[in-house]
Engineer: 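I'd like to ask some things about the structure below.
All values derive from a computational prediction rather than experimental measurement.
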Amino acid sequence: MSTATGTAAGTPVFSVQGLWKVFGPKAGRVPGDPELTALGPAELRARTGCTAAVRDVSFDVRKGEVFVVMGLSGSGKSTLVRCLTRLVEPTAGTIAIDGEDVRAMDKTRLRELRRHRAAMVFQHFGLLPHRTVLDNVAYGLEIQGMGRAERRARAAEMVAKVGLAGMEQRRPGQLSGGQRQRVGLARALAVDPEVLLFDEPFSALDPLIRRDMQEEVVRLHREEGRTMVFITHDLGEALKLGDRIALMRDGRVVQLGTPEEIVGSPADDYVRAFVRDVPREQVMTVRTAMRRAFPDETGSGPAVRPDATVSEAIEAVARAGAPARVVDGERCLGVVDSDALLGVVAGTRTPAGAAAERPEEAV
């Protein structure tokens, strides 16, 4: 997706290093014991009675990006996002928000983190059935102690922002699933958090409503540039929303990179199988297929943006019957032709230098 990645290169909002979450008896002994950490999930359970839901995970969430954590059921993704605000207590490792140690926070500071700085949007909306839409959206502000008139005005603004204007006095039972999820999103936005944490928020919705909600997230991010961490088991959703994706398996991050890096340069057979059916031309950009332009090519042929998809470039080349120029502002960066573009579709070309991060590099 097109986002504020230019600003994303600065100070991380969340920084996670060597994070473990182990469930079971004497869980704290597992992360520090090389013999135990080397065991697979079944062996670890048999030996210790413990389950390592998150295993030695490290990553940064950059300001202004949508960071997606993706994996199948049981991969550890939901446990991981809950560790960020200590809804689940980590077993080992460090978590920092804007450089502040989350694991060292006392109850007051932790409450402030959850209420003001990192708002959660869950799959199950958790709306109060006896309250109106407006009062549900205002609930977090009420908890913060904001006056009634001010919080209702702020809530009305958020209700309109998520497309529910005119429904302020309805109750949750009068809303569809998609509308209830919009109320949950508005409630999270109302407290003006630095980062929004989404835990599979759309997985229970019908496909068409789910697509609408994905578009809503894209629109909100485009308008506000807010940092988001998004948990999903759906690859299509991850590719659509994410600036970067951390793909998890058995509690570990097996690859971290942009959608283009993960589709174009899978880290292993597991990732390769995951992305096998993805239409590459919809994810890969023309940078993958671009070559240096010859002098006589810089002023001719159709123009495409560097972040245009291969699919868009194929259409432009076919329409013009000539190679397309890759143009950034006034500069011609290179040229793409039909052979190179079809090579990307066939998988014979991969992103130049696209070494998406492996677990040991995911920092």
Engineer: If hydrophobic residues (ILVMFWY) are linked whenever their side-chain heavy atoms come closer than 4.5 Å, directly or via other members, who joins L39 in its cluster?
Structural biologist: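 Listed partners: W20, V22, V30, L36, L44.
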Engineer: Report the residues that fulfil ring-ring contact (aromatic ring centres under 6.0 Å, His included) with Y139, sequence neighbours left out, ordered by chain and then residue number.
Structural biologist: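 Residues passing ring-ring contact (aromatic ring centres under 6.0 Å, His included) with Y139: none at all.
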Engineer: If you measure from the Lys or Arg side-chain nitrogens to the Asp or Glu carboxylate oxygens, is any gap between K240 and E237 under 4.0 Å?
Structural biologist: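 Looking at E237 together with K240, the answer is no, because their closest N to O distance does not fall below 4.0 Å.
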Engineer: R319: what forms a salt bridge (Lys or Arg N to Asp or Glu O under 4.0 Å) with it, not counting sequence neighbours?
Structural biologist: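 By the salt bridge (Lys or Arg N to Asp or Glu O under 4.0 Å) rule, R319 matches E315.
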Engineer: Would the distance check show the side chain of S203 and the main-chain N or O of E200 forming a donor-acceptor pair, the cut-off being under 3.5 Å?
Structural biologist: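 Yes, S203 side chain to E200 backbone: donor-acceptor pair under 3.5 Å.
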Engineer: Between E168 and R152, is there a side-chain N and carboxylate O pair less than 4.0 Å apart?
Structural biologist: no
Engineer: Tell me whether S58 contacts the main-chain N or O of G18 through its side chain, where contact means a donor paired with an acceptor under 3.5 Å.
Structural biologist: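 Yes, because the side chain of S58 sits within donor-acceptor range (under 3.5 Å) of the backbone of G18.
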Engineer: If you take all heavy atoms of E216 and K161, which pair is closest and at what distance?
Structural biologist: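 In this case the closest contact between E216 and K161 is OE2-O, 3.4 Å.
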Engineer: Start with the C-alpha distance between R62 and D243, add both sets of side-chain angles, then the distance that settles salt bridge (Lys or Arg N to Asp or Glu O under 4.0 Å), and finish with yes or no.
Structural biologist: CA-CA 10 Å; R62 301 164 183 163; D243 291 311; over 6 Å; no
Engineer: With a 3.5 Å cut-off and no angle check, do the side chains of D307 and T285 form a donor-acceptor pair?
Structural biologist: no
Engineer: Please list, chain by chain and in numerical order, all residues satisfying salt bridge (Lys or Arg N to Asp or Glu O under 4.0 Å) with R103, sequence neighbours excluded.
Structural biologist: none
Engineer: Under the salt bridge (Lys or Arg N to Asp or Glu O under 4.0 Å) definition, can you give me all pairs with a residue in residues 14-38, not counting sequence neighbours?
Structural biologist: E35-R47
Engineer: So which residues get pulled into L141's cluster when ILVMFWY side chains under 4.5 Å apart are joined, directly or through others?
Structural biologist: M146, V191
Engineer: For C50 versus A27, what's the shortest heavy-atom pair and its separation?
Structural biologist: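 Reported closest heavy-atom pair: SG-CA, 4.2 Å.
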Engineer: So, does E150 use its side chain to make a donor-acceptor pair with the main chain of G147 at under 3.5 Å?
Structural biologist: no
Engineer: Is there a path from V218 to V68 through hydrophobic residues (I, L, V, M, F, W, Y) whose side chains come within less than 4.5 Å of each other?
Structural biologist: yes
Engineer: Between R109 and D106, does any side-chain N to carboxylate O distance fall below 4.0 Å?
Structural biologist: no
Engineer: Do you reckon V345 sits in the same ILVMFWY cluster as V304, going by side-chain contacts under 4.5 Å, direct or chained?
Structural biologist: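 V345 and V304: one cluster.
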Engineer: Donor-acceptor check, side chain of N136 to backbone of L128, threshold 3.5 angstrom: yes or no?
Structural biologist: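 Here the side-chain-to-backbone pair exists.
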Engineer: Might you point out which heavy atoms bring V335 and P323 nearest each other, and give the distance in Å?
Structural biologist: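 Smallest heavy-atom distance, with atoms named: CG1-CB, 3.4 Å.
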Engineer: Between D192 and R226 (salt bridge meaning N to carboxylate O under 4.0 Å), is one present in this structure?
Structural biologist: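 The answer is yes: the pair qualifies as a salt bridge.
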Engineer: Can you name the nearest heavy-atom pair linking L175 to R180, along with the distance?
Structural biologist: O-NH1, 2.6 Å
Engineer: Examine F67 together with F59 and report whether their ring centres are nearer than 6.0 Å.
Structural biologist: yes
